[in-house]
Amino acid sequence: MTILSVQFFAFLLVLVAAYSLTPKRFRWVILLIGSYAFYGLSNWKYLALIFFTTCQTFLAVRKLGRLNRYIKEDLKLIEDKDARKAAKEATIRKKKAVVTITLLINFALLFFFKTTYMWMETALILPLGISFYTFQTVGYLIDVYRGQAEVESNFFKYALFVSYFPQIIQGPINRYKAIAPSLTEGNRITWTNFRRGFGLFIWGMFKKLVISDRAAIFVSSVWSGDLSDTAGSMILFSVFMFNLQLYTDFSGGIDMVSGVSQLFGIELAENFRRPFFSKTLAEYWRRWHMSLGAWIKDYVFYPIAMSKMFAKIGKKAKAHFGVHIGKTLPGAITSVITFVMIGLWHDITIPYVLYGVWHGLIMGLSTMFEPLFTKFNTFFEVDPECLSHRWFQRARTFLLVTFGEYFSLAAGFGILVTIFKRTFFDFEYSALYLQFTDYGLDNKDWFVLLMATFVLIFVSMKQESGVRIREALEKQELWFQWAATLGLIFVIMIFGIYGPGYDAASFIYGGF
């Protein structure tokens, strides 16, 4: 069962009715049953896996809670100072052992399923949302270890946090402290939540079915052909189109699951904030897949950058190259490490390693050379706040991101070499106007895609300027609200890409 199937809408209707008719204190039970039903209907074979992850992380969290309580309360009863210190050190070692074992179990499972294609004749289907619920449970485990989150004593409430069905599809990665209360407090089904949730869902469908799935036809047609005989201009244009496809697919999916969650009065973490308006690559990654970026920053980047080894690297760099390099070099190296990890999370190939190196190096070097850039701007009297410079920065960032997508699109190192060679040495400008209808889309499709993209850009620019679209619509006359909603629905029905044999519900990040 997928989110754009008739079965899902029937399932959602039954769940909303059951949720609203159940007494407030038991509504979270309906969500738990519904979440496991959704997971089972999607792929019942992996129900045991998500249940296993829930059980073993729950036990680990409870153990950490007892050890935290021992350090906080029971150690005070030991009068001998040396004995108290020894007991504390022993308890901390136990905490580290619990976290280490649990991390190894969870990431070993994730690694196993994401690499079966490398050593099995028939790769296993990746369990729905395994990356998302693994990162989510591991994040909670570490928060409890650090004493930054309370221990959930109710196993079934914890199971709901792990399996909550909207987020399991493709994220976002929610933090326990942020979402747990709203999952279990028993919200009312209100007209406001329904209207806003439905509107967000329809907007996500528009991005997915009208823009992303249409762009996907062109991108797939280009990249499934003989790239060694494809014009470099067409390869570059297809990478631009892939950026559009990927963004509208992923953000559209997030809009849909967030809209479904909002029906129950539960707000999911923000995952996209108009990333292509970013002026730097660092800002782009703060706006793109925001929940993953925050997770990486808190649980990977900072622990590495602030470790003793990297502190030593910083001191040596400071002694040899000055204060600024000493401060920024550890972070620059850590950027490369973390982005290589992000690349390998997508796929274990050389192009994805290079994808990580590219993004990590650009971000690390931009931090290290920031004083040089400042001097450059001062010397040439560049006003970083003027409109033209801001748009120059945005265009530059978009090109840097586009260059990085070459690595993510290449199926192997040989293909990577081919597409770069074609782009830089066999560009063939004429292909852009002579061949653009040779790759699955006719003139009408391109017109629809262009108009829909203009709508997306217009809405995004309004949001970037501070306009809250849904709130602005709610201030209009009721007839206008309904006209806008029905108009968008008709656009999706008429111009959306769907039909027999086409899996419109397949999301790029649905397999992660």
Asn68 side chain to Gly147 backbone, donor-acceptor under 3.5 Å: no
Would you please name every residue forming a side-chain contact (heavy atoms from CB on, under 4.5 Å) with Ala269, sequence neighbours left out? Pro172, Asn174
Using atom types as modelled, flag every donor-acceptor pair under 3.5 Å from a side chain in residues 301-312 to any protein atom, sequence neighbours excluded.
| from | atom 1 | to | atom 2 | distance (Å) |
| --- | --- | --- | --- | --- |
| Ser307 | OG | Ile304 | O | 2.7 |

Check whether any side-chain N or O of Arg214 sits under 3.5 Å from a backbone N or O of Val210 as a donor-acceptor pair, and report yes or no. yes
How far apart are the closest heavy atoms of Thr102 and Ala60, and which atoms are they? OG1-CB, 3.3 Å
So do Gln463 and Ile469 actually touch side chain to side chain, heavy atoms under 4.5 Å? yes
Test log, rule side chain to side chain contact (heavy atoms under 4.5 Å, CB included), inputs Leu449 and Met241: CA-CA 10 Å; Leu449 185 56; Met241 294 301 296; 3.2 Å; yes
Tell me, do Tyr140 and Val162 make a side-chain contact under 4.5 Å, heavy atoms counted? no
Classify the ring geometry of Phe161 against Tyr158: parallel below 30°, tilted from 30° to 60°, perpendicular beyond 60°. tilted
Would you please name every residue forming a salt bridge (Lys or Arg N to Asp or Glu O under 4.0 Å) with Arg62, sequence neighbours left out? none
If a pair satisfies side chain to side chain donor-acceptor pair (under 3.5 Å) and one of its residues is in residues 322-338, list it, with sequence neighbours excluded. none
Once rounded to the nearest 0.5 Å, what's the spacing between atom CG of Leu361 and atom CG of Leu281? 11.0 Å
With under 30° as parallel and over 60° as perpendicular, where do the rings of Phe113 and Tyr46 fit, or are they tilted in between? perpendicular
By the salt bridge (charged side-chain N to carboxylate O under 4.0 Å, His left out) test, which pairs, at least two apart or in different chains, include something from residues 276-293? Glu283-Arg287, Arg287-Glu464
Whether over 12 other heavy atoms sit under 6.0 Å from Lys157 NZ: yes
Which heavy-atom pair separates Asp249 from Ser212 by the least distance, and what is that distance? CB-OG, 3.1 Å
Distance in Å, Ile173 CD1 paired with Leu268 CG, rounded so as to fall on 0.5 Å steps: 12.5 Å
Any pair counted as salt bridge (charged side-chain N to carboxylate O under 4.0 Å, His left out), so long as it reaches residues 165-182, sequence neighbours left out: Arg175-Asp298
If you define the side chain from C-beta out and look only at heavy atoms, does anything of Ile348 sit under 4.5 Å from Lys114? no
Heavy-atom donor-acceptor pair, Arg470 side chain to Leu200 backbone, under 3.5 Å: no
Tell me whether Phe373 at atom CZ has more than 12 heavy atoms from other residues, nucleotides or ligands lying less than 6.0 Å away. yes
Please list all pairs meeting salt bridge (charged side-chain N to carboxylate O under 4.0 Å, His left out) that have one or both residues in residues 137-152, counting only residues at least two apart or in different chains. none
Result block: side-chain N/O donor-acceptor pairs under 3.5 angstrom for residues 217-224, not counting sequence neighbours:
| from | atom 1 | to | atom 2 | distance (Å) |
| --- | --- | --- | --- | --- |
| Trp223 | NE1 | Ser238 | OG | 2.8 |
| Ser224 | OG | Ser220 | O | 2.8 |
| Ser224 | OG | Ser221 | O | 3.3 |

Taking Phe272's backbone N and O only, do any of them form a donor-acceptor pair with Tyr247's side chain (distance below 3.5 Å, no angle check)? no
To the nearest 0.5 Å, what is the distance between CD1 on Ile179 and OH on Tyr164? 6.5 Å
Considering residues, nucleotides and ligands other than Ile350, do more than 12 of their heavy atoms fall under 6.0 Å from its CD1? no
Distance col, row His359:NE2 vs Trp285:CH2, nearest 0.5 angstrom, shows 5.5 Å
Applying side chain to side chain donor-acceptor pair (under 3.5 Å), which residue pairs with at least one partner in residues 382-391 are found, sequence neighbours left out? none
Between Gln167 and Phe132, is any pair of side-chain heavy atoms under 4.5 Å apart? no
Separation of Met341 CE from Ile337 CD1 (nearest 0.5 Å): 9.0 Å
Work out which heavy atom in Thr134 is nearest to a heavy atom in Ile130; give both atom names and the distance. OG1-O, 2.6 Å
When rounded to the nearest 0.5 Å, the distance separating OH of Tyr133 from CG of Leu110 is 9.0 Å
With the side chain counted from C-beta on, respond yes when Arg394 and Phe398 share a heavy-atom pair under 4.5 Å apart, and no when they do not. no
Walk me through it: do Phe165 and Val257 pass the test side chain to side chain contact (heavy atoms under 4.5 Å, CB included)? CA-CA 9 Å; Phe165 76 98; Val257 299; over 6 Å; no
Using the rule given for ring-ring contact (aromatic ring centres under 6.0 Å, His included), can you reason through Phe237 versus Phe436, listing the C-alpha separation, both sets of side-chain angles and the distance that settles it, and then say yes or no? CA-CA 9 Å; Phe237 184 60; Phe436 76 100; 8.2 Å; no
Just so I know, are the side chains of Leu4 and Leu209 near enough to count as touching, which here means a heavy-atom distance under 4.5 Å? yes
Taking the side chain as every heavy atom from C-beta outward, state whether Thr453 and Leu450 have any atom pair closer than 4.5 Å. no
Heavy atoms, side chains only, cut-off 4.5 Å: are Trp345 and Tyr352 in contact? no
Do Phe420 and Phe403 make the cut of ring centroids closer than 6.0 angstrom? yes
For the backbone of Glu428 and the side chain of Ser233, can you confirm whether one donor and one acceptor N or O come within less than 3.5 Å of each other? yes
Listed partners of Arg196 passing side-chain hydrogen bond (donor to acceptor under 3.5 Å, both in side chains), at least two apart: Glu474
Taking every non-hydrogen atom, the tightest pair across Leu160 and Leu183: CD2-O, 3.7 Å
Provide the closest heavy-atom pair for Ala215 versus Gln245 in the form atom of the first, atom of the second, distance. CB-CB, 4.0 Å
Could you give the side-chain donor-acceptor pairs of residues 404-413 under 3.5 Å, partners two or more places apart or in another chain?
| from | atom 1 | to | atom 2 | distance (Å) |
| --- | --- | --- | --- | --- |
| Glu405 | OE1 | Ser408 | OG | 2.5 |
| Tyr406 | OH | Thr423 | OG1 | 2.9 |
| Ser408 | OG | Glu405 | O | 3.0 |

Under 6.0 Å between ring centres: does that hold for Trp358 and Tyr355? no
Whether the side chain of Asn377 engages the backbone of Val382 through a donor-acceptor N/O pair (distance < 3.5 Å, no angle test) should be reported. no
Where at least one partner belongs to residues 250-259, residue pairs that pass side chain to side chain donor-acceptor pair (under 3.5 Å), sequence neighbours excluded: Lys207-Ser251, Lys207-Asp255
